[in-house]
Asks: 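What follows is a single structure, and I will ask about it in a moment.
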Amino acid sequence: MLKETPAEAQIVSHRLMLRAGMIRQQTAGIYSWLPLGYRVLRRIEQIVHEEQARAGHIPMLMPTLQPADLWRESGRYDDYGEEMLRITDRHKRDLLYGPTNEEMITDIFRTHVGSYRELPLTLYHIQWKFRDEIRPRFGVMRGREFYMKDGYNFDIDKEAAVHAYNRHMVSYLRTYERMGLQAIPMRADTGPIGGDLSHEFLVLADTGESEVFYDAAITDLTFGERAVDYDNREECAAIVQEWTTPYARTDETHDEAVFNEVPQARQRSRRGIEVGQIFYFGTKYSEPMGATVTTPDGARVPVHMGSHGIGVSRLVGAIIEASHDENGIIWPEGVTPFHCGIVNLRQGDSSTDAACEGLYKALTAAGLEPLYDDRDERAGAKFATMDLIGLPWRITVGPRGLKNGVVELTSRRSGESEELTPEAAVERVAAIYAGS
RNA sequence: CGGGGCGUAGCGCAGCCUGGUAGCGCGUCGGUUUUGGGUACCGAAGGUCGUCAGUUCAAAUCUGGCCGCCCCGACCA
């Protein structure tokens with residue numbers, strides 16, 4: 001826990017992550033995730049897994065190191081350039097630290113799947129990736145090593161693959177919203193992945209790396225609690241329609257003429273952090289790599305594919321960029337490393353010690369993970385620490401309140417407090433998290 | 001990769017110009033004090049001064065090479 005800001009950190013999320021002891025840089029663009037940071041990373045990962053499962057996608061795990069031969073097959077070994085970290089093993093075989101997995105998944109698919117009966121299929125994994133950025137910066141937002149969910153859909157034809165595309169967009173909207181983020185889908189370039197249909201998901205933040213242009217109408221949309229049948233093509237298409245109708249593009253695809261059709265009062269230009277992207281690229285990999293299936297009439301056709309990514313490690317930084325104040329981080333309930341902090345104002349006092357331990361047990365029994373600050377520090381130091389690490393709820397236990405049988409429950413976001421009995425405070429916190 | 005900067009205790013920095021006993025703040029440890037928003041005081045531990053070579057009686061300090069890191073730009077989930 002640091003009072004002083006490390007000189008190397010330029011942007012707020014990086015500074016706060018270092019100060020809160022979430023990460024430690026090991027070398028340029030490569031970080032260790034310390035216990036506190038690791039908790040957040042895992043919670044984000046968990047949300048991604050849950051929402052993938054909801055959409056019917058199947059988890060697996062591919063390695064970080066890949067044989068160069070697969071990439072020679074697709075032609076990307078030479079195309080990818082310096083960003084790809086190439087490694088040679090003791091037998092002088094060429095390997096690479098994967099920046100993405102299209103080739104590998106296509107290879108797996110072609111050896112294990114051969115019939116239209118096995119489609120549609122969407123496989124995904126969450127794994128460390130490496131891109132040897134020329135200049136890593138902004139902490140985990142632009143590291144060289146990063147943790148990413150990447151998924152790949154396999155479908156019999158374009159129509160089915162477009163449904164997979166739509167399904168992913170819907171699923172992603174839900175995923176980001178659970179993390180307390182508004183991520184706006186914006187029409188995007190396909191870059192080195194290729195293909196002809198792509199959207200990026202952008203979180204608005206002043207420190208974002210891309211300039212974005214959008215119709216204010218899109219920020220009024222919320223996904224909310226709607227139940228979605230992910231197999232229903234019309235329903236998914238309708239939701240995609242809803243979210244892609246208002247103008248929203250990054251500078252890469254921005255079209256001034258079209259943007260000017262948006263009423264002046266609703267035109268917005270800000271900066272955004274990219275936290276995910278989805279692609280439909282058809283047979284770009286399946287054709288050269290021979291990933292085909294037999295159709296009902298016995299023909300062999302290359303499968304239609306798409307890929308979809310969520311920057312899991314980057315999201316930790318992006319969430320902080322979108323949710324902090326001058327005192328520190330403000331975690332959304334969905335991703336907070338601990339559900340509730342307990343601050344003992346007089347460590348060593350038998351009444352406050354007992355009350356804190358009671359709260360800790362009761363919160364744990366309610367299925368929550370509390371963080372108990374039992375350091376022998378002054379109140380100010382404990383409050384400052386809690387504010388910095390940003391737990392959304394804090395229970396303050398002091399001798400003054402205990403005399404009247406109450407503790408104080410404080411919202412990190414609003415700063416508002418209320419006095420409650422310890423039992424009521426536990427119930428209250430449990431109720432807050434009951435939905436998530 | 002072009003331009004700029006930095007490397008001295010766990011962290012933030014001074015010292016370097018003008019060579020001569022390695023310092024300050026925070027943190028850590030021990031103690032006293034204090035106790036509802038980063039308390040004050042006393043004491044202690046902790047450093048191959050990035051690295052290699054050179055100059056010199058003597059190098060954190062001067063010179064050169066190398067390594068690492070940061071910032072601006074081009075590039076990027």
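Residue numbers begin at 1 in each chain, while the letters A, B, ... track the order of the sequences.
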Asks: Does A:Arg131 make a side-chain donor-acceptor contact with the base of B:C76, cut-off 3.5 Å?
Replies: no
Asks: Take atom C1' in B:U56 and the same atom in B:C71, then report the distance between them in whole Å.
Replies: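 Roughly 36 Å separates the two C1' atoms.
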Asks: A:Ile134 has an atom CD1; how far is it from atom P of B:C69, in whole Å?
Replies: 15 Å
Asks: Using atom P of each nucleotide, how far apart are B:C26 and B:A60 to the nearest Å?
Replies: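 These two P atoms come out 27 Å apart once rounded.
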Asks: Judged by each residue's nearest nucleotide on RNA chain B, which is more toward the 5′ side, A:Thr27 or A:Ser313?
Replies: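 Result: A:Thr27.
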Asks: Suppose you measure atom C1' in B:C57 against the same atom in B:C52; what distance do you get, rounded to whole Å?
Replies: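 One C1' to the other, the span is 23 Å.
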Asks: Apply salt bridge (Lys or Arg N to Asp or Glu O under 4.0 Å) to residues A:Glu83 and A:Arg135 and explain how you reach the verdict.
Replies: CA-CA 11 Å; A:Glu83 279 199 1; A:Arg135 186 155 90 84; over 6 Å; no
Asks: When rounded to the nearest Å, what value does the distance between C1' atoms of B:G19 and B:U63 take?
Replies: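 After rounding to an integer number of Å, I get 13 Å for this pair.
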Asks: Reckon A:Arg19 has a side-chain N or O less than 4.0 Å from the OP1 or OP2 of B:C26?
Replies: no
Asks: Any idea how A:Phe130 and A:Tyr97 line up, ring-wise: parallel (<30°), tilted (30 to 60°), or perpendicular (>60°)?
Replies: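 Judged by the thresholds at 30° and 60°, the geometry between A:Phe130 and A:Tyr97 is tilted.
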Asks: Are side-chain N/O atoms of A:Tyr172 and A:Lys149 paired as donor and acceptor at under 3.5 Å?
Replies: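 Their side chains do contain a donor-acceptor pair, which is all the 3.5 Å distance test asks for.
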Asks: Figure out the CE/P separation between A:Met148 and B:C76, and round it to whole Å.
Replies: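 Rounded to whole Å, this separation is 15 Å.
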Asks: If you check every side-chain atom of A:Arg378, which of B:C72, B:A77, B:U34 has the closest atom?
Replies: B:U34
Asks: Can you check the A:Arg144 CZ to B:C69 P distance for me, whole Å?
Replies: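 That distance rounds to 7 Å.
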Asks: From the options B:G38, B:C75, B:A77, select the nucleotide whose nearest atom is closest to the side chain of A:Thr385.
Replies: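 Of B:G38, B:C75, B:A77, B:G38 is nearest to the side chain of A:Thr385.
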Asks: Quick one: is A:Arg135 getting a side-chain N or O under 4.0 Å of the B:C72 phosphate, OP1 or OP2?
Replies: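 Checking B:C72 against A:Arg135, a side-chain N or O does come within under 4.0 Å of OP1 or OP2.
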Asks: Rounded to the nearest angstrom, tell me the gap between atom CD in A:Glu408 and atom P in B:G37.
Replies: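 After rounding, the reported distance stands at 11 Å.
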Asks: B:C75 C1' sits how many Å from A:Tyr80 OH, rounded?
Replies: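 About 12 Å, once rounded to whole Å.
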Asks: Over 60° means perpendicular and under 30° means parallel, so tell me whether A:Tyr372 and A:Tyr360 are parallel, tilted or perpendicular.
Replies: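 Ring orientation of A:Tyr372 relative to A:Tyr360: tilted.
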Asks: Which word best sums up how the rings of A:Tyr280 and A:His304 line up, parallel for under 30°, tilted for 30 to 60°, or perpendicular for over 60°?
Replies: parallel
Asks: Taking only the side-chain heavy atoms of A:Glu377 (C-beta and beyond), determine which of B:C69, B:U28, B:C76 contains the nearest atom.
Replies: B:U28
Asks: Please state the C1' separation for the pair B:A59 and B:G15 - nearest whole angstrom.
Replies: 14 Å
Asks: Counting only distance, no hydrogens or angles, is the base of B:G73 paired donor-acceptor with the side chain of A:Arg137 under 3.5 Å?
Replies: no
Asks: If you compare every side-chain N and O of A:Gln347 against the phosphate oxygens of B:U35 (OP1, OP2), does one of them come in below 4.0 Å?
Replies: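 No, A:Gln347 has no side-chain N/O under 4.0 Å of OP1/OP2 on B:U35.
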